[in-house]
Structures are given as structure tokens and as C-alpha cells.
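Encoded as C-alpha cells, the structure appears first; notes follow it.
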Amino acid sequence: MDRLIMPVIDETAIRAMEDMTFFTHALIFDDLLIISQKETNCFVLKTSEGLIVIDAIWPRAEAFDAIVGSIKAVGWNPDQIKKLILTHGHVDHTGCGRWFVERYHVETYLSKEDDIFWKDHPVKADRPETWKDYEISVYVQDGDTITLGDKVINVYGTPGHTPGGLSYIFPVKENGEVHMAALWGGTTPPWTRDGVQCYLKSLEYFMDEAEKLMVDVALSNHTSVDNGLERIAYSKKRMVYMPNIYVIGQNGFRNYCQVFRTLSEKMLDRL
């Protein structure tokens, strides 16, 4: 069977990041919820002392409502949202964070570099609704940890996609069994040769750290990269005797990361 060696990320996919007509969600582990629109994901991690939201889709009220509605739909209480953790300073991830700040008074986390980048280089400079519109409570960097209750999120500095991009590794559970999940924070390589080299260096570093922590779960913040919508659809209807499609093993995670190398190689060919 012929299979793609890299995702198709074209103008159609980029436009779909602003399409708020479709949302879906699934409880993919006992303590991890994924919410997605057509191209961008948000995650909610349940801890013993509240909920952590990771990335916040696009800055539209529909996205905020979809995230809160999905939390309610799986039986969790959105009033328990304590933290909003961002991977990087692009508007499709900083997204609807200001509503979380205003309604739930969450602590927000991002690197200082990307907080500055988000303010000074908005993706849509001609559209005020995409400009920086809330403050970051805590600047995090490589080697830090973010803790809430029984969950510790390991923070990795992975610049390239943005100057201060971050990636995360944290534990998740299913039926009492612990797995280690990794979220590569910046999906696509940048459009400069030096930037791609930086991106590749970050990728190698993150893969090494993932190996040390025996990561066996691959998470993506964009659906194009990992058959995201199909994986969510499967998870929504998965029977108890069916395997968890997000658990791919350590070798599987290494293979998954190859897509980011391939994207980088293709970008270098263009430059």
C-alpha cells in the first residue's frame, strides 16, 4: 500500500485553521482530552488538583465554547481549569486564551522569547483580533517543570518553528497503566536555512529526551500531521477491547518524528 511520507500542508489546510464551523473531541486517555477543529488541537490534562489546558486553538469565542463544552461533555468541571500552557506564540495556539484568563483566572505559561515574538510579530498583523491580548503569568524555559497535583509536565526548549518554541512530555493513564506522552510544539520548519537547522537541532534534542523518558505516546497540535481527525473518530467509538491508537511505542514515536525530518529536508530543497 502506498503511504504518504509527509503530510499535505497547503493553503487549504492553513485556511482551515480559521474554520470554526466544526469541532470534535475524544477522551483519549482516562486523564487526557483532545479537542480539535479541522486543523488545530487543544489538550486538557486532568490532575488531582484541577485541569490544565494545553494550547487554545484560534482566538474565536466558538473555540473557547467548544473547549469548555467538551470538558463538560466528558464529565469534567471547567471551573477546575487552573493553568493554560502554550507551546508557542502563534495565534492558532495562543488562541482564545483571554477567555480562560477572564472567566477562570488561569495561570498562563509560555517562553519569554515567544511572548515577545507574539507581541512584536503577530501572524496576522493587519487583524487586531489576532494580536496579543492577555498576559503570560509564568515564563518557562528548557529544563523547567510545570506541576499541578499529581501531574508533572517536563518543559523542553525547542526553537525553530518560533524563536522560543516549547515542547512537553508528561504522564497519562489508561486503566491504571502509565504512559509517557510527548507533544512536539512547533509542527513545521521555518522558511530560512538557518531556521531549519535550528529546528532540526531541537528535534534531535527532543527525541533524545523522549528516549530517556520512554515516550510511547505521540501527540500533535495539528491534525494534518498524524491523521488527527481519523484518530479522534476512532477514539470516540473505540470498544474496551480495542487498542488505544495513541500508544505507538518507543520505536513508533521515533518513526513518527521522522515526518519532521522529512518536512525539513523538503524545505531545505526549496531554499
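This chain uses plain numbering: 1 for the first residue, then up along the sequence.
- Inspection of the Asn41 and Thr223 side chains reveals no N or O donor paired with an N or O acceptor under 3.5 Å.
- Atom CD of Glu135 is surrounded by 12 or fewer heavy atoms from other residues, nucleotides or ligands within 6.0 Å.
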Check the pair Ser137, Thr108 against side chain to side chain donor-acceptor pair (under 3.5 Å), reporting the backbone distance first and the verdict last. CA-CA 5 Å; Ser137 312; Thr108 55; 3.3 Å; yes
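- For Lys82, the NZ atom sits in a packed shell: over 12 heavy atoms of surrounding residues, nucleotides or ligands are nearer than 6.0 Å.
- The backbone N or O of Gly89 sits nowhere less than 3.5 Å from a side-chain atom of Thr94 that would complete a donor-acceptor pair.
- Heavy-atom contacts from other residues, nucleotides or ligands closer than 6.0 Å to NZ of Lys72 number 12 or fewer.
- In this view, Tyr134 and Trp118 satisfy the ring pair (Phe, Tyr, Trp, His ring centres under 6.0 Å) rule, not counting sequence neighbours.
- In terms of the side chain to side chain donor-acceptor pair (under 3.5 Å) criterion, Thr47 has no residue partners (sequence neighbours excluded).
- A distance-only check finds a donor-acceptor pair linking the side chain of His88 to the backbone of Gly185 [under 3.5 Å].
- Of the possible polar contacts, one joining the Trp131 side chain to the Ala125 backbone as a donor-acceptor pair under 3.5 Å is found.
- Between the side chain of Asn221 and the backbone N or O of Leu183, no donor-acceptor pair lies under 3.5 Å.
- Taking every heavy atom of both residues into account, Leu166 and Thr158 meet most closely at C-OG1, 3.5 Å.
- Scored by the side chain to side chain donor-acceptor pair (under 3.5 Å) test, Gln258 finds Arg261 as partners (sequence neighbours excluded).
- Here the closest heavy-atom approach between residue Ser235 and residue Ala26 is recorded as CB-CB, 3.9 Å.
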Let me see the working for Tyr139 and Gln141 under side chain to side chain donor-acceptor pair (under 3.5 Å), right down to the final yes or no. CA-CA 7 Å; Tyr139 288 140; Gln141 60 186 354; over 6 Å; no
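- In this view, Thr162 and Asp114 satisfy the side chain to side chain donor-acceptor pair (under 3.5 Å) rule, not counting sequence neighbours.
- The main-chain N or O of Val152 is never found under 3.5 Å from a side-chain atom of Thr145 such that the two would form a donor-acceptor pair.
- Proximity of a side-chain donor or acceptor of Arg60 to a complementary backbone N or O of Cys96 within less than 3.5 Å is not detected.
- In this structure, the separation between CG on Asp142 and OH on Tyr156 is 8.5 Å, given to the nearest 0.5 Å.
- For Asn154 (side chain) and Ile169 (main-chain N/O), a donor-acceptor pair under 3.5 Å exists by modelled atom type.
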When you look at Asp144 and Tyr109, which way does the side chain to side chain donor-acceptor pair (under 3.5 Å) test go after all the steps? CA-CA 11 Å; Asp144 285 346; Tyr109 294 75; over 6 Å; no
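- Val247 and Leu27 are not part of a single hydrophobic cluster, where members link through side-chain heavy atoms under 4.5 Å apart.
- The nearest pair of heavy atoms linking Asn244 to Ile28 is ND2-O, 2.8 Å.
- Residue pairs meeting the ring-ring contact (aromatic ring centres under 6.0 Å, His included) criterion with at least one partner in residues 180-203, sequence neighbours excluded, are Trp184-Tyr199, Trp184-Phe206, Trp184-Phe260.
- For the residue pair Ile57 and Cys42, the shortest heavy atom distance occurs at CG1-CB, 3.8 Å.
- A salt bridge links Glu209 to Lys212: at least one charged side-chain nitrogen sits closer than 4.0 Å to a carboxylate oxygen.
- Heavy atoms only, all atoms of each residue included: Leu203 and Cys257 are closest at CD2-O, 3.9 Å.
- Between Lys46 and Asp30 there is no salt bridge, since no side-chain N of the basic residue sits under 4.0 Å from a carboxylate O of the acidic one.
- Shown here are the side chain to side chain donor-acceptor pair (under 3.5 Å) partners of Ser70, two or more places apart in sequence or in another chain: His25.
- Put simply, the side chain of Asp216 gets close to the backbone of Met180: a donor and an acceptor are under 3.5 Å apart.
- Judged purely by atom type and a 3.5 angstrom limit, Gln37 uses its side chain to pair as donor or acceptor with the backbone of Asp19.
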